[in-house]
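Just so it is clear: chains get the letters A, B, ... in the order the sequence lines come, proteins before strands, and each one is counted from 1.
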Amino acid sequence: MICRNIAVASCTPRDRSFFLDLLKKATTLSHLSQTHAQIILHGLHQDLATLTKLIHKLSDFKAIHHAHRLFLSTRKPDLFLFNVLIKGFATNNSPLSAISLYTHLRTRTNLKPDKFTYAFAIWAAMGHESERFGILLHSNAIVDGFGFDLFVGSVVVDFYFKFSRVEMARKVFDLMPERDTVLWNTMVSGLVRNCCFNDSIEVFRNLVKGGVELDSTTVSTVLPAAAELQDLEVGMGIQCLALKVGFGCDVFVITGLISLYSKFGEIDTVRWLFEQIDRPDLVSYNSMISGYTYNGESESSVRLFVDLLASGQKVNSSTLVGLIPVHSPFGHLQLTCCIHGFCVKSGVVSHASVSTALTTVYSRLNEIETARLLFDETPEKSLASWNAMISGYTQNGLTEMAISLFWEMMLEVRPNPVTITSILSACAQLGALSLGKWVHNLIKSENLESNVYVSTALIDMYAKCGSIVEARQLFDLMKDKNSVTWNAIISGYGLHGHGNEALRLFNEMLHSGVPPTGVTFLSVLYACSHAGLVRKGNEIFHSMVHDHGFQPLPEHYACMVDILGRAGQLTEALKFIEKMPVEPGPIVWGALLGACMIHKDTNLARVASERLFELDPANVGYHVLLSNIYSADKNFLKAATVRQVVKKRRLAKTPGCTLIEVGGTPHVFTSGDLFHPQATAIYKMLEKLTGKMREAGFQSQTLTALHDVEEEEKELMVKVHSEKLAIAFGLIATEPETEIRIIKNLRVCLDCHNATKFISKITKRIIVVRDANRFHHFKDGICSCGDYW
DNA sequence: GTAGGGTTAG
């Protein structure tokens, strides 16, 4: 072959245009090698134009090292050739090589970078994990006068979006003297990628208003925003526009519409849309499959998948991800295992996207160990892989695991807003204020405050860690609040017992244009419950049904029972249950039982618990509650019987523990804890306090309940509850007058509640206690809950 | 143009 080529070469001299043409037509790497050989034979190996084309083609075929070598052998590379190789490095995931080539160009040659240089170099910088190179290049581009070139500008805007710098992207976009379709599309898609859905639609509207020519990319880019905003009207508006300008049959647009309508459960429309596509490609198949899965029609999605396989089409990781029932995992463990098996067999399980989806679905199915195994077996973990595992832990309440995995992750990759949101949720659950503050600083330094998820999680974290004032300040500063943001602050106030402020905010929300959700009503109702606002609660429940058209969920009913029951209106609560249009479930009866506990109504408690033992026999909490009610009623025999049941069935009670942070270090106490290094001092302090408390009129309530309990129980009761230990430690370890904040995993007991009141008065300290239900602010002998919890 | 990771109640 080579011999014949040489023969051809020697008899017919070839010029540059011949080789350029040959290079252009080359479809494999070996074509290129052969052509290269001929170029050398014809003495064109120092011809810049030919070489440039060759280098360009080599990097297109991923032979970037070869391309680089060839570049180095070039005697006098021009700017064009530099640009081609910078682009080559960019497309071959070698951002640092691209940047050093740019540096070489600036420092070692007399050449001046042009708009292509900057566009390619900044594009390459997007592939680096640090944003600093891109920012530097951007400033160089501005100095050299290319900052506002259309080509460079689009790349710069895309770059800032890549690093979540939405404000910078917007600034650059706003300053651009002219804007073409590509720039507008970059802006729209960047906003969508950064979850600024409202903004993306606004930009899209401006684009249409300004008479800019749109393409099908614009339309298909903005469609997901409508889907995310759950705004079908906006989506249909975009669809109409697409039809008007003639993109109605565009595969891209239809594929976008399939995703849009899937999110709204319009599965028939989706099916119809899919049929409108002449020859569906893999992407449209994928969106159809995931549409079925999203709507719980796993059977249909599997069938379509099988069709796709039978037709001999190749599938990709997207296809399999689309099959995994991430959004409706319940009852799909078997299906998930099947898909998992297929992914293993076809080898795509090591794909980060596939294992991430599987990790997610397993952790949502509470199969957290399986999720972890998958995660550990993923060879190249993407940021999403880490996030899936961390959020899996967070959502399963394994907050310590989430946090330790977060530190592990920090050694390898930089966290993004998703990571930060999850980790803040862990802090909130755990009450880890100092870690939460550390994350807040990280958010400030990374300029991520504008992300709604991040700031909502931050508000929730502060509220749950006791700093409702801080939470409110952040809330007031936020520009784009969604319903979750409102829910977080409303429930925050509820948690602190500020029912009226919660109600005020709820009204403000109704006027703000952000629609309330089911959770909004739950948050307001709980706020009413914690503040004893019975009439208000009733009003809101009715308004929810009649004015806002919400079908109450079991949780809403339970909340109403809770409101009535806590306020002592037990008969009304029972009446309410009897009048319910649906069968009352365990949480409704549980709420009633809780109320019976507070108001010591043994008879009603028996009614409620009988129903509960039927409906949810494995739940320990109800047994414990009932036993406590009998004890409080001095019916020790009955109490012992219930406890016997718990024992027989080996139903374990969660042990109580309390956390206190001093100087950023967490200290955890369990009941009767002797393991703390300062245990002696703590108990001494407690003894001193008890003496003073007695003088002030404190009567221990456990002592009255001490007779007629079993020996081991007695021992337990004599032991000191963890919250008292934590408070005593707080008194020792902090300066006088410092506020003491503790977090208890269970509800605070009556005795500790009473004791804390006395301690706050004697020591002149504000003591903030977060228990499983709410916050208690103790000051000068009074608790903010008004003894109502 | 398709897929995977995030916040709110209890």
Between [N] atom [atom2] and [X] atom [atom1], what is the distance in whole Å?
X	N	atom1	atom2	value
A:Tyr393	B:dG5	OH	C1'	15 Å
A:Trp486	B:dA9	CH2	C1'	18 Å
A:Leu320	B:dA3	CG	C1'	10 Å
A:Leu448	B:dT7	CG	P	16 Å
A:Tyr292	B:dT2	OH	C1'	16 Å
A:Ile423	B:dG5	CD1	C1'	13 Å
A:Leu374	B:dG5	CG	P	14 Å
A:Met478	B:dT7	CE	C1'	10 Å

Would you indicate which nucleotide in [options] comes nearest to any side-chain atom of [X]?
X	options	result
A:Ser422	B:dG6, B:dG1, B:dT7	B:dG6
A:Thr356	B:dA9, B:dG6, B:dG4	B:dG4
A:Val519	B:dG1, B:dT8, B:dT2	B:dT8
A:Ser287	B:dG6, B:dG5, B:dT2	B:dT2
A:Ser391	B:dG6, B:dG10, B:dT8	B:dG6
A:Asn286	B:dG6, B:dG5, B:dT2	B:dT2
A:Ser425	B:dT8, B:dG10, B:dG4	B:dT8
A:Gln395	B:dG6, B:dG5, B:dA3	B:dG6
A:Val418	B:dG5, B:dT7, B:dG10	B:dG5
A:Asn416	B:dG5, B:dA3, B:dG1	B:dG5

*For DNA chain B, which residues in residues 358-367 of chain A have a heavy atom at a distance below 4.0 Å?*
A:Thr360, A:Arg364
Record whether the side chain of [X] comes under 3.5 Å of the base of [N] through a donor-acceptor pair of N or O atoms.
X	N	result
A:Asn451	B:dG6	yes
A:Ser318	B:dA3	yes
A:Ser220	B:dG1	no
A:Ser382	B:dG4	yes

*Under 4.0 Å between a side-chain N or O of A:Lys464 and OP1 or OP2 of B:dA9?*
yes
*Contact under 4.0 Å: A:Ser491 side-chain N or O vs B:dA9 OP1/OP2*: yes
*When A:Met461 is tested against each of A:Val439, A:Leu474, A:Leu433, A:Ile423 for side-chain contact (heavy atoms from CB on, under 4.5 Å), which residue passes?*
A:Leu433
*Give me the one residue out of A:Ile368, A:Asp376, A:Thr394 that meets side-chain contact (heavy atoms from CB on, under 4.5 Å) with A:Met389.*
A:Ile368
*asked:* Looking at every non-hydrogen atom in both residues, tell me the closest pair between A:Ser328 and A:Gly296 and how far apart they are.
replied: OG-CA, 4.1 Å
Looking across every strand, which nucleic acid part, if any, lies under 4.0 Å from [X] by heavy atom: base, sugar-phosphate, or nothing?
X	answer
A:Lys381	nothing
A:Ser317	base
A:His327	sugar-phosphate
A:Leu383	base
A:Asp281	base
A:Ala357	sugar-phosphate
A:Tyr526	sugar-phosphate
A:Ala352	base
A:Val251	base

*Those residues that, when tested against A:Ala595, pass side-chain contact (heavy atoms from CB on, under 4.5 Å) (two or more places apart)*: A:Leu570
Please check if the number of heavy atoms outside [X] that lie under 6.0 Å from its [atom1] is greater than 12.
X	atom1	answer
A:Lys437	NZ	no
A:Gln551	CD	no
A:Met410	CE	yes

*Can you tell me how far OG1 of A:Thr269 sits from CZ of A:Phe274, rounded to the nearest 0.5 angstrom?*
15.0 Å
*State the CE-CG distance between A:Met236 and A:Leu243, to the nearest 0.5 angstrom.*
10.5 Å
*Excluding sequence neighbours, so at least two apart, what forms side chain to side chain donor-acceptor pair (under 3.5 Å) with A:Arg364?*
none
